[in-house]
2 protein chains.
Amino acid sequence: MPVDTRGTPTTVPAACCPPAALAAGLSGQQAADLARRLKALADPARLRLLSLIAGSPAGEACVCDLTDPLGLTQPTVSHHLKVLVDAGFLARDKRGVWAWFSIVPGAMETVAALLPGAVPARA
Amino acid sequence: MPVDTRGTPTTVPAACCPPAALAAGLSGQQAADLARRLKALADPARLRLLSLIAGSPAGEACVCDLTDPLGLTQPTVSHHLKVLVDAGFLARDKRGVWAWFSIVPGAMETVAALLPGAVPARA
DNA sequence: CCAGGACATTGACGCCCGTCCATACCTCCG
DNA sequence: CGGAGGTATGGACGGGCGTCAATGTCCTGG
């Protein structure tokens, strides 16, 4: 340990931003929770799925519309969609034979708002 | 023999929009790049590392200060720090015996700004 | 010059994840 | 009621990731 002559940990200056998340204290629980949601996003196929659904005319799409653009098999796409639904980024609405997936409003923003908390605007 | 009947040369339509990220045409390249950065963040240990460094009085910390709070061994912490440096979230400054790590300003915000692009404020 | 400390690298192990194939489920239509 | 099409699930395989112990490298102090 470098003895840390520069300051006591109780100081915790900055930490200005109230909605900050990654600010000093980020508990193991909080880190695990945020990491779980980020892990759901950290996949090219899932990012493209979100992109395709968000960009579709009606704001929703069914599995059959998503397999071709991704070049993945139907079960694989279904698996990715399930991951995104479980993580709270997508909503599934099964109407008749087809399952329509739509973006959950605010879910992405919530995660995005948590990230910059790590850099509390140092002086 | 995989045969690969679906051998579409990754037509990648659109890919036009410069600002938004998850907007309609998120190309495979863009998705892979964003996924790679998100993958670097999608780990509880790394999130806590960023938190600890950002919350430290001087905005920087060395490995020896980070092993104890995480309960991980020094090689493991060093590995995580390398991942974060390679992803552009941390900067390493080796001064004498110690290596000081600091947050790269704006890196987190860049990623955070890309995420909400998935929900282009539907009418 | 040598001993010691701080950090990085290597190799190994176990686990999780992404992908596929095969198949079951569910709903509509004739 | 039975077939057909869209979707979800289960099992299996390969690869990647997180972790650790052991070792290497570089700098400092005596």
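Below, chain A is the first sequence line, B the second, and so on; all start at residue 1.
- The backbone N or O of B:Ala99 sits nowhere less than 3.5 Å from a side-chain atom of B:Lys94 that would complete a donor-acceptor pair.
- Applying the salt bridge (Lys or Arg N to Asp or Glu O under 4.0 Å) rule to pairs touching residues 49-59 of chain A yields nothing, sequence neighbours excluded.
- The CH2-C1' distance, from A:Trp98 to C:dC25, rounds to 17 Å in whole Å.
- For C:dC7, the OP1/OP2 oxygens have no side-chain nitrogen or oxygen of B:Ser78 closer than 4.0 Å.
- Distance CG (A:Leu66) to P (D:dG6): 14 Å, rounded to an integer number of Å.
- Atom P of nucleotide D:dG6 and atom CG of A:Asp68 are separated by 12 Å, given to the nearest angstrom.
- Grouped with A:Trp98 in one hydrophobic cluster are A:Val97, A:Trp100, the linkage being side-chain heavy-atom contacts under 4.5 Å among Ile, Leu, Val, Met, Phe, Trp and Tyr residues.
- Rounded to the nearest 0.5 angstrom, A:Leu38 CG and B:Asp43 CG are separated by 10.5 Å.
- Residue A:Val97 places its side chain closer to D:dG5 than to any other of D:dG5, D:dT9, C:dA6.
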Can you give the donor-acceptor pairs under 3.5 Å from side chains of residues 77-90 of chain B to other protein atoms, not counting sequence neighbours?
{"residue": "B:His80", "atom": "ND1", "partner": "B:Arg46", "partner atom": "NH1", "Å": "3.1"}

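- With sequence neighbours excluded, the residues forming a side-chain contact (heavy atoms from CB on, under 4.5 Å) with A:Asp93 are A:Arg95, listed by chain and number.
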Sort me out a list of protein N/O and nucleotides 17-24 of chain D N/O pairs below 3.5 Å, or just none if empty.
{"residue": "D:dG18", "atom": "OP1", "partner": "B:Asp43", "partner atom": "OD2", "Å": "3.4"}
{"residue": "D:dG18", "atom": "OP1", "partner": "B:Arg46", "partner atom": "NH1", "Å": "3.3"}
{"residue": "D:dG18", "atom": "OP1", "partner": "B:Arg46", "partner atom": "NH2", "Å": "2.6"}
{"residue": "D:dG18", "atom": "OP2", "partner": "B:Arg46", "partner atom": "NH1", "Å": "3.4"}
{"residue": "D:dT19", "atom": "OP2", "partner": "B:His80", "partner atom": "NE2", "Å": "2.2"}
{"residue": "D:dC20", "atom": "OP2", "partner": "B:Thr73", "partner atom": "N", "Å": "3.1"}
{"residue": "D:dC20", "atom": "OP2", "partner": "B:Thr73", "partner atom": "OG1", "Å": "3.2"}
{"residue": "D:dC20", "atom": "OP2", "partner": "B:Thr76", "partner atom": "OG1", "Å": "2.9"}

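- Whole-Å rounding puts the A:Phe101 CZ to D:dG6 P distance at 15 Å.
- A:Thr110 meets the side-chain contact (heavy atoms from CB on, under 4.5 Å) test with A:Arg37; sequence neighbours excluded.
- Evaluation of the side-chain hydrogen bond (donor to acceptor under 3.5 Å, both in side chains) rule for A:Arg92 yields no partner, not counting sequence neighbours.
- Residue order along DNA chain C, read from the 5' end via each residue's closest nucleotide, puts B:Val77 first among B:Val77 and A:Arg95.
- Applying a 4.0 Å cut-off to non-hydrogen atoms, none of the residues of residues 87-94 of chain A approaches DNA chain C.
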